[in-house]
Asker: 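Encoded as structure tokens, here's the structure I'll be asking about.
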Amino acid sequence: MPVIEALRLVSRSLAARFFLLVLAFAAVPLILYGEFHGAEKIRRAALLSTLQSDGHLIAQAMRIGLERVRQPSIVETRALLERIGPTGLNMKMRLLFRPAGGEAGGKDGGEEGGLFLIAASPPLSADGLERERRELAASGVIRTIPSSCDGTTPLDLRYRDPDGDEEVLTSITPFSTPAGCWAVITSHSTRDGPGSLLGRPYWRAYEVQMAAVIYAVLALLVLTLVGGLWRGLRRFGRQARAIGSGHTPKTRFACLNRIPELASVADEFDRMVATLRASADAFRHAAEDNAHAFKTPIATIAQAIEPLRGALPAGSGAERSLQLIEASVARLDALVQAARCMDEASAALVHPPRQRVDLSRLVSTILDTCESTALVRRVTFGRKIAEECVVWAGAELLETVVENILDNALSFSPEGGVVTVGVARGGRTIVLTIEDEGPGAPGEVLECMFQRYVSYRPTADRAAAESHFGIGLWIARRNVEAVGGSIHAGNRDGGGLRMTVSLPSAG
């Protein structure tokens with residue numbers, strides 16, 4: 001199941017899809033280039049075969065014409081080549097001759113194999129023929145003509161003529177007549193016509209280059225689109241994390257946006273942040289206003305009760321009614337304090353303040369303040385506080401957390417008991433532990449003690465039970481979670497309860 005969930009998460013990830021898209025854009029041209037290159041090879045082979053067949057047909061026509069001449073002259077041979085030579089095919093031809101009885105393997109007149117270049121189409125001057133002869137001899141083309149003067153030699157050889165033009169030699173067709181051995185060489189210029197298809201690399205083809213440009217533009221557009229959206233979402237994510245960490249960003253979501261289609265989303269985020277901050281401020285102001293509004297009449301009632309104490313006879317029903325009024329006023333005052341704490345906790349959850357807080361110093365200060373309360377209850381504090389344990393949270397939030405947990409521990413500790421408070425580093429977190437020597441809590445209570453209005457008081461002290469409304473630990477949990485921490489409760493092996501609070505370290 002974890003593997004399936006991981007695969008499902010990866011399949012939905014924008015980063016994973018972007019990576020796969022990059023791989024696809026990289027793989028597709030390689031695959032298509034290989035396929036098209038194979039097709040281009042087949043096309044080139046078919047074209048070369050056609051050109052070689054044309055050369056062979058021309059050579060056969062030359063053979064028929066030359067067999068009728070017993071002693072052909074250069075003039076007659078050139079005239080025959082001009083008549084038979086192709087027109088409109090952009091083909092060049094050279095006619096070589098080795099007289100009958102000549103040495104096939106030696107040199108005659110400077111020609112390899114005894115072959116003479118006697119004519120060309122288009123025609124060349126005597127100097128041009130000489131230069132052409134030397135180039136053919138130097139390139140080794142003449143050596144490919146068999147000594148038997150039989151067979152057709154297919155070629156796909158790049159060749160540069162004396163004028164500097166690059167050509168592709170497509171065929172050499174030798175044949176014999178009574179006068180001797182002849183060879184017809186056909187070639188095509190690489191500048192235009194069929195030679196341009198044979199003589200250039202595949203990647204230099206116009207259609208390939210145009211396809212590459214269009215594909216590159218398409219890939220750039222798609223990758224830019226997806227990459228821009230990804231970067232925009234990452235900027236939004238960093239901004240949201242900064243706001244959630246309590247920082248006040250210098251810029252708004254709208255200023256971070258670079259994509260017009262996300263402008264409305266950025267504006268909504270800015271409005272949401274403003275609304276949440278306004279709501280948090282409204283919660284805090286309402287808590288203060290409500291507490292102030294209730295405090296005045298409660299204090300007035302409490303002061304009005306004092307003169308009545310001495311005026312009422314002891315043990316009368318009026319005295320008992322007065323005691324009931326006093327208890328109700330005290331409970332009402334506690335309810336007002338609890339309501340204020342709940343409103344402040346709600347405000348902190350909406351917009352938690354974040355700053356560097358020295359938890360070691362804060363806990364030590366709170367313990368010093370609570371020493372007198374602990375002495376009244378005959379409870380002592382044990383301290384295991386490491387120095388300079390700095391967390392990233394709100395000082396008031398943490399103060400409420402420590403005070404509520406300490407109050408809970410003191411209320412359950414027996415006389416002569418010890419409440420042990422520890423602050424230590426735990427990797428990237430700071431761990432606060434508060435242990436008491438009370439009765440602990442059953443398993444079903446441990447699971448729900450951080451819920452609102454849950455209070456477990458096994459003692460028969462009704463006044464103590466009525467003074468706790470089950471919101472102290474709930475507020476502690478909300479404050480801890482608001483700053484990115486966690487809180488857990490568990491029974492100690494030796495008896496008592498242990499509260500463990502983990503907070504993000506700022507060190």
Asker: Between the side chain of Asn491 and the main-chain N/O of Leu497, is any donor-acceptor distance below 3.5 Å?
Answerer: no
Asker: At their closest point, which heavy atom of Asn404 faces which heavy atom of Ala476, and how far apart are they?
Answerer: ND2-N, 4.3 Å
Asker: Taking the side chain as every heavy atom from C-beta outward, state whether His188 and Leu169 have any atom pair closer than 4.5 Å.
Answerer: no
Asker: Write down the atom of Ala24, the atom of Tyr215, and the distance for their closest heavy-atom approach.
Answerer: O-OH, 3.9 Å
Asker: Is there a donor-acceptor pair under 3.5 Å between the side chain of Arg428 and the backbone N or O of Pro504?
Answerer: no
Asker: Nearest 0.5 Å, what's the CG-CE distance between Leu473 and Met449?
Answerer: 6.5 Å
Asker: To check you understand the geometry: which heavy-atom pair defines the closest contact between Val480 and Ser486, and what is its length?
Answerer: CG1-N, 3.3 Å
Asker: Taking Met499 as the fixed residue, which of Thr433, Ile405, Leu432, Val421 is the one that meets the side-chain contact (heavy atoms from CB on, under 4.5 Å) rule?
Answerer: Ile405
Asker: Any heavy-atom pair between the side chains of Leu398 and Val391 that's under 4.5 Å?
Answerer: yes
Asker: Output the distance between atom CZ (Phe412) and atom CG (Asp407), rounded to the nearest 0.5 Å.
Answerer: 10.0 Å
Asker: Examine the side chains of Thr186 and Ser171 and answer whether a donor and an acceptor come within less than 3.5 Å of each other.
Answerer: yes
Asker: If you measure from the Lys or Arg side-chain nitrogens to the Asp or Glu carboxylate oxygens, is any gap between Arg383 and Glu371 under 4.0 Å?
Answerer: yes
Asker: Does the side chain to side chain contact (heavy atoms under 4.5 Å, CB included) test come out yes or no for Ser411 and Arg377, once each step is laid out?
Answerer: CA-CA 9 Å; Ser411 65; Arg377 300 182 181 181; 4.1 Å; yes
Asker: Is Val390 close to Leu359 at the side-chain level, that is, under 4.5 Å between some pair of heavy atoms?
Answerer: no
Asker: Return the CD1 to CG distance between Ile214 and Leu218, rounded to the nearest 0.5 Å.
Answerer: 9.5 Å
Asker: Could you walk me through whether Val168 and Ser187 pass the side chain to side chain contact (heavy atoms under 4.5 Å, CB included) test, one step at a time?
Answerer: CA-CA 5 Å; Val168 178; Ser187 67; over 6 Å; no
Asker: How many angstroms lie between atom CG of Asn408 and atom CG of Asp436, to the nearest 0.5 angstrom?
Answerer: 7.5 Å
Asker: For Val379 and Pro414, which heavy atoms make the closest approach, and how far apart are they?
Answerer: CG2-O, 3.8 Å
Asker: Can you find a heavy atom in the side chain of Ile434 that is under 4.5 Å from one in the side chain of Val419?
Answerer: yes
Asker: Applying side chain to side chain donor-acceptor pair (under 3.5 Å), which residue pairs with at least one partner in residues 492-504 are found, sequence neighbours left out?
Answerer: Glu435-Arg498
Asker: Measuring from Glu387:CD to Asp358:CG, what's the distance to the nearest 0.5 Å?
Answerer: 9.0 Å
Asker: Within the 4.5 Å heavy-atom criterion, are Ile366 and Glu399 side-chain neighbours or not?
Answerer: yes
Asker: Using a 4.5 Å cut-off on heavy atoms from C-beta on, say whether the side chain of Thr429 contacts that of Leu503.
Answerer: no
Asker: Any non-hydrogen side-chain atom of Leu410 less than 4.5 Å from a side-chain atom of Phe381?
Answerer: yes
Asker: Atom OG in Ser360, atom CZ in Arg425: separation rounded to 0.5 Å?
Answerer: 6.5 Å
Asker: Looking at every non-hydrogen atom in both residues, tell me the closest pair between Gly394 and Val483 and how far apart they are.
Answerer: N-CG1, 4.2 Å
Asker: Please enumerate all residues that pass side chain to side chain contact (heavy atoms under 4.5 Å, CB included) together with Leu220, with sequence neighbours excluded.
Answerer: Thr224
Asker: State, yes or no, whether a side-chain contact exists between Leu367 and Leu406 at a heavy-atom distance under 4.5 Å.
Answerer: yes
